[in-house]
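Because the structure is predicted, anything quoted here is derived from the model rather than measured. Every chain is numbered from 1 and lettered A, B, ... according to where its sequence line falls, protein lines coming before strand lines.
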Number of protein chains: 2
Amino acid sequence: MARRRQAVTIKHVAADAGVSLQTVSRVVNKESGVRPGMMARVQASIDKLGYVPSIAAQRMGGSRSYLILALNDRERTIADWRARQGTDWFDQMMLGGMLTCAEHGYRLIVELVDTHSDHIERELLAAIAALQPDGVILTPPHSGNPLIINLLEAQGISFARIGSLTEGPGIRLIMDDTRAAAIATEHLVELGHTRIGFIAGPAEYELSTWRVEGWRAAMAAAALAADDLLAVGDFSHASGRAAAAHLLALRDPPTAIIASNDQMTLATLELARERGLVVPDDLSLVSFDDTPIIRLAHPPLTAISQPIAEVTAQAVNLIIADRSSGPAITMPVTVLASLMIRHSTGRARRL
Amino acid sequence: MARRRQAVTIKHVAADAGVSLQTVSRVVNKESGVRPGMMARVQASIDKLGYVPSIAAQRMGGSRSYLILALNDRERTIADWRARQGTDWFDQMMLGGMLTCAEHGYRLIVELVDTHSDHIERELLAAIAALQPDGVILTPPHSGNPLIINLLEAQGISFARIGSLTEGPGIRLIMDDTRAAAIATEHLVELGHTRIGFIAGPAEYELSTWRVEGWRAAMAAAALAADDLLAVGDFSHASGRAAAAHLLALRDPPTAIIASNDQMTLATLELARERGLVVPDDLSLVSFDDTPIIRLAHPPLTAISQPIAEVTAQAVNLIIADRSSGPAITMPVTVLASLMIRHSTGRARRL
DNA sequence: CTGAAAGCGCTAACAG
DNA sequence: CTGTTAGCGCTTTCAG
């Protein structure tokens, strides 16, 4: 391939408009202090020549790179892609992230990182050195990782932490999982359920805890006992099945179960069916995440829908705004999740 | 945000190793002609300081940008994301593309482009000027677009065209849709079907035509008439339903239908059910694409599975290899699709 | 308000 | 084999 050079540079524009490079730069960057007439003339040349600044050169000149890095968990992301189960967390992130970046002239670059790895710092530092992104979006389970957070802080890069409330630097965004779990629980309480089981996710995800808390709080508010109704999974189908088996084997089994993600809920549905339990007649089910598959389940599952696209869009907006360094954002930004009522929840059987 | 500078540059390494910048550059780029001892010394400094070259600077220096651009159809991509139906074309592309890029130290950047737009050239030129990618991956329906192809050729950027056989520059990769459609048809012929309907996709996608051809050829090979058994859709659920309705309303309706994508097949399944037709007893169904949802359909659908990840991985490999400009790749590269036999196909009813 | 100069980190030439 | 010299395209100083 031939060595390529920028087709039309700021020089060409400057020559065409008969002004200095500097003036063109000012117009391009919308800096104040350029006379309207001059500005129009330069803009005309830009349009005429189809000039677009090179981000590499912009970056070299010491300004922004117009790149935002999204850090996703390598293992989980690849596993989801390979499994082809329709999990669309990643897609929703792209939907919110890419489009919002584009609106501001930024690009989103995804980087898969291994949270458990001990050379995570090296990996991240390498990505930062290579790309010099203007911002970083941390997704679970990276969002609370102190190694990552401190490193980013030290580098002076603005970053957003999706789904983490852990104290520390960075813009925090959450989907109010606690409230969401409470809403799910309340929905079941209203349907007359008194024994509502909960299958939690792994503790490594902060949101696992929040969801448990929301359920606990709602149970307490309804004066219902929760103690023996908690089981823990790791978001996998198998773990969900085991957790469901545990709950259904209780002396006084639940008539409704909330599971912390779709896979585990589906596993519960499967197990219930095998045991001859009809959903929702014998057992009501509420899921978390609202991944595509659960709409196609039989029956379609009632679920808490995560506003991932919206949260990611917000993250991008806040990162970009953060650059123009006003007062730092310290309070967590909350985006509400909603309960999609479908057909896996129904009135509790009378005893 | 504070103005950031590269933490450790080639200068630091040069100083630390006590050599010139150039020598460091040679080691970093694995150029030949550096004495082993020198090389080791420089490498030691690089590791010690954790030096990673800035791609912006590398690009400015006139070398590669280590960026590969994937061009996807804006409208369809966003629609798929919003629909949350589990379509994972995009994910599979990332799986193959991102991971392969990473293996070579490249990054994949996704750009959504409007094929129908008249300013597509401006958009593309802008993306190229801004990013200066080393390569571009074209996905349907861009892959055959002459505007795009010629522009890329003129820019001297190596690019891969996934799913296009249109003559012209660029590395062509296909999944052998013709063969795939033939395989699907043969499968049905073997099951005793003689009336096999086909629902084609829109002509704007080259693969629509290939699939029809494969079906036609296989029908002819089995001495079966195909003429009245072709219906056309546009990949949407509604169009699939209409096409299916047309086929089922024939005087001599098909006992098996192959539809060119999952949505249309699902629409056909739905319509069949409404009309009291049992799949596969009364009607066999073969789908194309093998998106997650069809595994969850009732019954799970037999389908042609597209090796999207593999094709994209190949595309990246070939683009990167193309740089070291050997003889250009002119023949289309083929990756085979496979038939996933599930439960929507069965023996034809005896008449 | 505008221009001229210097440099960002790196690589391609050319020397030695 | 290694070092030196120019830029790449842009933005920051700082002058006018």
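With hydrogens and angles disregarded, a donor-acceptor distance shorter than 3.5 Å links the side chain of Arg41(B) to the backbone of Ala17(B). Put simply, the side chain of Asn145(A) gets close to the backbone of Leu147(A): a donor and an acceptor are under 3.5 Å apart. Using a distance-only test at 3.5 Å, with no hydrogens or angles considered, no donor-acceptor pair links the side chain of Asp134(A) to the main chain of Ile68(A).
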Stepwise side chain to side chain contact (heavy atoms under 4.5 Å, CB included) test for Gln314(B) and Val311(B): CA-CA 5 Å; Gln314(B) 282 288 347; Val311(B) 167; 5.6 Å; no
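Distance CG/Asn150(B) to CD/Glu121(B): 9.0 Å, rounded to 0.5 Å. Distance check, rounded to the nearest 0.5 Å: CD1 of Ile174(A) to OG1 of Thr334(A) gives 4.0 Å. Taken to the nearest 0.5 Å, the CG atom of Leu318(A) stands 13.0 Å off from the CZ atom of Arg172(A). A distance of 3.5 Å separates OG1 of Thr115(A) from NE2 of His142(A), quoted to the nearest 0.5 Å.
An OP1 or OP2 oxygen of dC8(C) is reached within less than 4.0 angstrom by no side-chain nitrogen or oxygen of Thr9(B). In this model, the phosphate group of dC1(C) is not approached by any side-chain N or O of Thr23(A) to a distance below 4.0 Å at OP1 or OP2. For the OP1/OP2 pair of dC10(C) and a distance below 4.0 Å, the side-chain nitrogens and oxygens of Tyr66(B) include no atom meeting the criterion. Listed pair Ser54(A) / dG9(D) fails the phosphate criterion, with no side-chain N or O lying under 4.0 Å from OP1 or OP2. Distances shown here put a side-chain N or O of Gln58(B) below 4.0 Å from the OP1 or OP2 atom of dT11(C).
Rounded to whole angstrom, the span from the CG atom of Asn29(A) across to the P atom of dT13(D) amounts to 14 Å. Atom CZ in Arg35(B) sits about 10 Å away from atom P in dG3(D), given to the nearest Å. Regarding Leu131(B), its CG atom lies at a distance of 16 Å from the P atom of dG9(D), rounded to whole Å. In this structure, the CE atom of Met60(A) is 14 Å from the P atom of dG7(C), given to the nearest Å. The CZ atom of Arg59(B) sits 12 Å away from the C1' atom of dC10(C) (whole-angstrom rounding). Following rounding to the nearest Å, Glu31(B) (CD) and dC1(D) (P) show an atom-to-atom distance of 13 Å. Residue Met39(A) contributes atom CE, which lies 13 Å from atom C1' of dC1(C) at whole-angstrom precision.
Taken residue by residue, residues 10-22 of chain A places heavy atoms nearer than 4.0 Å to DNA chain C at Val19(A), Ser20(A), Gln22(A). A heavy atom lying under 4.0 Å from DNA chain C marks none of the residues of residues 41-49 of chain B.
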Under-3.5 Å N/O pairs linking protein and nucleotides 14-16 of chain C:
none

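Closest approach to the Ser63(A) side chain among dT2(D), dT12(D), dC10(C) is made by dT12(D) (side chain taken as heavy atoms from C-beta onward).
A side-chain N or O of Glu206(B) and one of Thr166(B) form a donor-acceptor pair less than 3.5 Å apart. Side-chain contact, Ser54(A) with Gln132(B): a donor N or O sits under 3.5 Å from an acceptor N or O. Side-chain contact annotation: Asn317(B) with His104(B), donor-acceptor N/O pair under 3.5 Å present.
Residues Ile148(A) and Phe159(A) have side chains not in contact (no heavy-atom distance under 4.5 Å, counting atoms from C-beta outward).
Counting non-hydrogen atoms under 4.0 angstrom, Val28(A) reaches nothing in the nucleic acid.
Nearer to the 5' terminus of DNA chain D, by closest-nucleotide assignment, is the contact made by Ser32(B) (compared with the other of Ser32(B) and Val52(A)).
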